[in-house]
There are 2 protein chains.
Amino acid sequence: MKEKQNTLFVGSLAKGLKLLRAFDETTTEMSLTDLARRTGLDKSATQRLANTLHVEGMLDKDPETKRFRPSHAWLELAYAYFWSDPLVRQAMPQLIDLSQRLGSTVNLTELSGDHIIYVSRLPNGISQFSATLVGRRLPALNASAGRVMISTWPVEERDRVVESWPIHQFTPKTTIDRDVIREGIEEAAQKGYATTQNQMILNQTGVAAPIIGPDGRAYAAVQCSVSSHHWGQDRIQEELVPYILDAALAIAPQSRGVY
Amino acid sequence: MKEKQNTLFVGSLAKGLKLLRAFDETTTEMSLTDLARRTGLDKSATQRLANTLHVEGMLDKDPETKRFRPSHAWLELAYAYFWSDPLVRQAMPQLIDLSQRLGSTVNLTELSGDHIIYVSRLPNGISQFSATLVGRRLPALNASAGRVMISTWPVEERDRVVESWPIHQFTPKTTIDRDVIREGIEEAAQKGYATTQNQMILNQTGVAAPIIGPDGRAYAAVQCSVSSHHWGQDRIQEELVPYILDAALAIAPQSRGVY
DNA sequence: ATAAAGAATATCATATTATGATATCTTGTC
DNA sequence: GACAAGATATCATAATATGATATTCTTTAT
């Protein structure tokens, strides 16, 4: 086939993974033909691959409709991930504490290419469904967490990504002007934290503090979402920011004994 | 190869999945040789498969140590799972509400073969790390959630699984006597909810209510964990049970208009 | 009820693709 | 500085995945 390169690459495995990744927010279950269409794979190949995935417990199959769905094994993989990421173990107690203290939604995010990914989420109060789910990815430039991470980098690097990384307009008020975003990042660099408004959801304010590694660069962030109606500038300043900053500091690995 | 059966089965894909599932609580990163040893696969095969997984973004590779780790893609799969499981969307608001009302840890679990699996978790207060992670599996007979689900089944079926399903002794006080477990399930059948003590963690009480489907059988449960020190029988009875039962009822799909 | 269309499942000959033995290069250890 | 353990690369071989086709099952329309 016209697949990838050389002998170190197993095409069948790659195709199988393609089937798994074909499922997303809107595509939650698929028939054989759906799968074939969506992945662009040949009908027979899809049949064999999907069957293998099913036998191996990676895809559930409705005996009635014969349609395939993600299986519990997908959650087990996430479970293994959590153990493999030292940050999660490190952060969890702090996040729980913060969540209780603030009474609002608290998130832990990491950088994943030019996106952020939610690694841990503690929802509080009514939230949009997608805002409660681990594994969600968002363009880094759109999110307070992404901006505050970038703000810890050298200026040239910051400017480069502000120009090149993707942006998505989620609400009518989402900032799409890259200059404005750059200013936001610069402000974050000054203050040590970032705030955003109406970026993902209208009337929602995001506040994020960086988790900084030994090299001075942030690779993760603690983030908090609150309603703009109940949380004005002052209240955020006094009741939110200090605690989030503390938590982020406490999570950072080299936090003990660096003065 | 001596692999599985027929022409509807793609061996290379199955082997690739084997690599993914080789990671768990204790095995969080592996070298090529580790992987080969652990999966029992040939050295060259492991090399090719792992490389493919890496190229496809399913395994991160430390450029220094050359060791492989689960990638963020594992969380993305979980994200897709959450969308595919209608129960999660249905339950989330209720769970958040319950978590805030009770101020204690709330879980949503489903049955997965003879185990339960945590599908959603809202930790409150100090928790054991593993007790905060989605995707964790536990033998159904050990857990309050498992027992209460089983309690909704016909008696013969109940008795059958009580005899045959696996049990694991987590604490010195974990119930390993199957007769005692059967009694616990019968009690749950009477009361409509289940409680356990010291099963997973010492001095911890679990309370679970079944989420019952149209056929009268539970396929999921709302579960709550509290400290035995702060929560005596009476307090649980009055301040916990009614709310958990309410939540479970509200989550059940056919909850509207069945009287 | 019956026909027709669409989808799932099964079969099979072919060569493309995965295989695993071996050889080379790299890294860490004593 | 020599050795060992591990990672990476190469290659001839056949076993495995391929995809065209045929059959069975399910749904929709007439």
Side-chain angles (χ1 to χ4, degrees), chain A residues 1-23 26-71 84, chain B residues 1-23 26-71 84:
Chain A
M1 286 289 82
K2 74 319 170 53
E3 271 300 347
K4 279 265 169 51
Q5 346 106 326
N6 55 14
T7 173
L8 265 304
F9 189 82
V10 180
S12 334
L13 175 53
K15 287 183 202 164
L17 298 175
K18 213 170 177 181
L19 289 195
L20 298 183
R21 288 200 278 234
F23 293 88
T26 49
T27 319
T28 58
E29 63 167 47
M30 279 189 270
S31 70
L32 214 49
T33 23
D34 289 341
L35 268 170
R37 239 195 311 273
R38 194 139 215 279
T39 56
L41 293 174
D42 161 288
K43 188 180 132 161
S44 296
T46 310
Q47 181 188 182
R48 264 173 285 123
L49 264 4
N51 177 255
T52 306
L53 256 8
H54 175 52
V55 169
E56 292 294 312
M58 291 299 297
L59 284 179
D60 283 347
K61 186 177 185 181
D62 187 312
E64 298 280 302
T65 67
K66 273 82 204 291
R67 292 167 78 83
F68 295 96
R69 289 176 294 106
S71 79
S84 79
Chain B
M1 286 287 81
K2 76 307 165 64
E3 270 301 346
K4 277 263 169 52
Q5 348 106 327
N6 54 18
T7 172
L8 264 304
F9 190 83
V10 180
S12 332
L13 174 52
K15 287 183 202 165
L17 298 176
K18 214 169 175 179
L19 289 194
L20 298 183
R21 288 201 279 234
F23 293 88
T26 49
T27 318
T28 58
E29 62 166 49
M30 281 189 271
S31 71
L32 214 49
T33 25
D34 289 341
L35 267 171
R37 240 194 310 274
R38 193 140 216 278
T39 56
L41 293 174
D42 161 289
K43 189 181 132 160
S44 296
T46 310
Q47 180 187 184
R48 265 173 285 123
L49 265 3
N51 177 254
T52 307
L53 257 7
H54 175 52
V55 169
E56 291 294 312
M58 291 298 297
L59 284 179
D60 284 348
K61 186 177 184 178
D62 187 314
E64 297 281 304
T65 67
K66 271 83 204 292
R67 295 167 74 82
F68 294 96
R69 289 176 295 105
S71 80
S84 78

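Numbered from 1 within each chain, the chains take letters A, B, ... in sequence-line order. As a basis for the values below, the full set of heavy atoms in this structure was taken, side chains included, without hydrogen atoms, waters or symmetry mates. What you see is a predicted model; the values in this text were computed from it and never measured.
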B/L49 CG to C/dT19 P: how many Å, rounded? 7 Å

Let me know the distance between CG of A/D62 and P of D/dT26, rounded to the nearest Å.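 It works out to 13 Å between those atoms.
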
Set of residues satisfying ring pair (Phe, Tyr, Trp, His ring centres under 6.0 Å) with respect to A/F68, sequence neighbours excluded: none

Would you mind building the protein contact string for nucleotides 21-30 of chain C? One character per nucleotide, 5' to 3', B for base within reach (heavy atoms under 4.0 Å), S for sugar-phosphate only, - for untouched. B---------

Suppose we call a contact any N or O donor and acceptor under 3.5 Å apart; does that hold for the side chain of B/R67 and the base of D/dG6?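 Checked by distance alone, the answer is no.
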
Over all heavy atoms of both residues, which pair between [X] and [Y] is shortest? Give the atoms and the distance, please.
X	Y	result
B/T39	B/A22	CG2-CB, 4.0 Å
A/M58	A/L20	CE-CD1, 4.2 Å
B/E29	B/F23	CA-CE2, 3.9 Å
A/A50	A/L35	CB-CD1, 4.3 Å

Please round to the nearest 0.5 Å and tell me the distance separating atom CZ of B/R69 and atom CG of B/D62.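 Atom-to-atom, B/R69:CZ and B/D62:CG are 6.0 Å apart.
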
Those residues of residues 30-38 of chain B lying under 4.0 Å from DNA chain D by at least one heavy atom: B/S31, B/L32, B/T33

How about B/D34 and B/R67: do any of their side-chain heavy atoms sit closer than 4.5 Å?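 In short, these two side chains touch, coming nearer than 4.5 Å.
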
Please tell me if the side chains of B/L53 and A/L17 come closer than 4.5 Å, counting only heavy atoms from C-beta onward. yes

Start at the 5' end of DNA chain C and walk down; is the nucleotide closest to A/T65 or to A/S12 reached first?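 Its nearest nucleotide lies further toward 5', so the answer is A/T65.
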
Would you check if the side chain of B/S71 reaches a backbone N or O of B/G57 as a donor-acceptor pair within less than 3.5 Å?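 Indeed, once roles are kept as given, a pair shorter than 3.5 Å links the two residues.
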
Quick one: list whatever passes side-chain contact (heavy atoms from CB on, under 4.5 Å) with A/T52, sequence neighbours left out.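 Only A/E56, B/F9, B/V10, B/L13, B/A14 meet the side-chain contact (heavy atoms from CB on, under 4.5 Å) criterion with A/T52.
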
Where do N or O atoms of nucleotides 12-15 of chain C meet protein N or O atoms at under 3.5 Å, pair by pair?
unit_1, atom_1, unit_2, atom_2, d
C/dC12, N4, B/T7, OG1, 3.3

Using atom types as modelled, flag every donor-acceptor pair under 3.5 Å from a side chain in residues 41-48 of chain B to any protein atom, sequence neighbours excluded.
unit_1, atom_1, unit_2, atom_2, d
B/D42, OD1, B/S44, N, 2.5
B/D42, OD1, B/A45, N, 2.9
B/T46, OG1, B/D42, O, 2.8

With nearest nucleotide decided by heavy atoms, which residue, B/K61 or B/V10, maps closer to the 5′ end of DNA chain D? B/K61

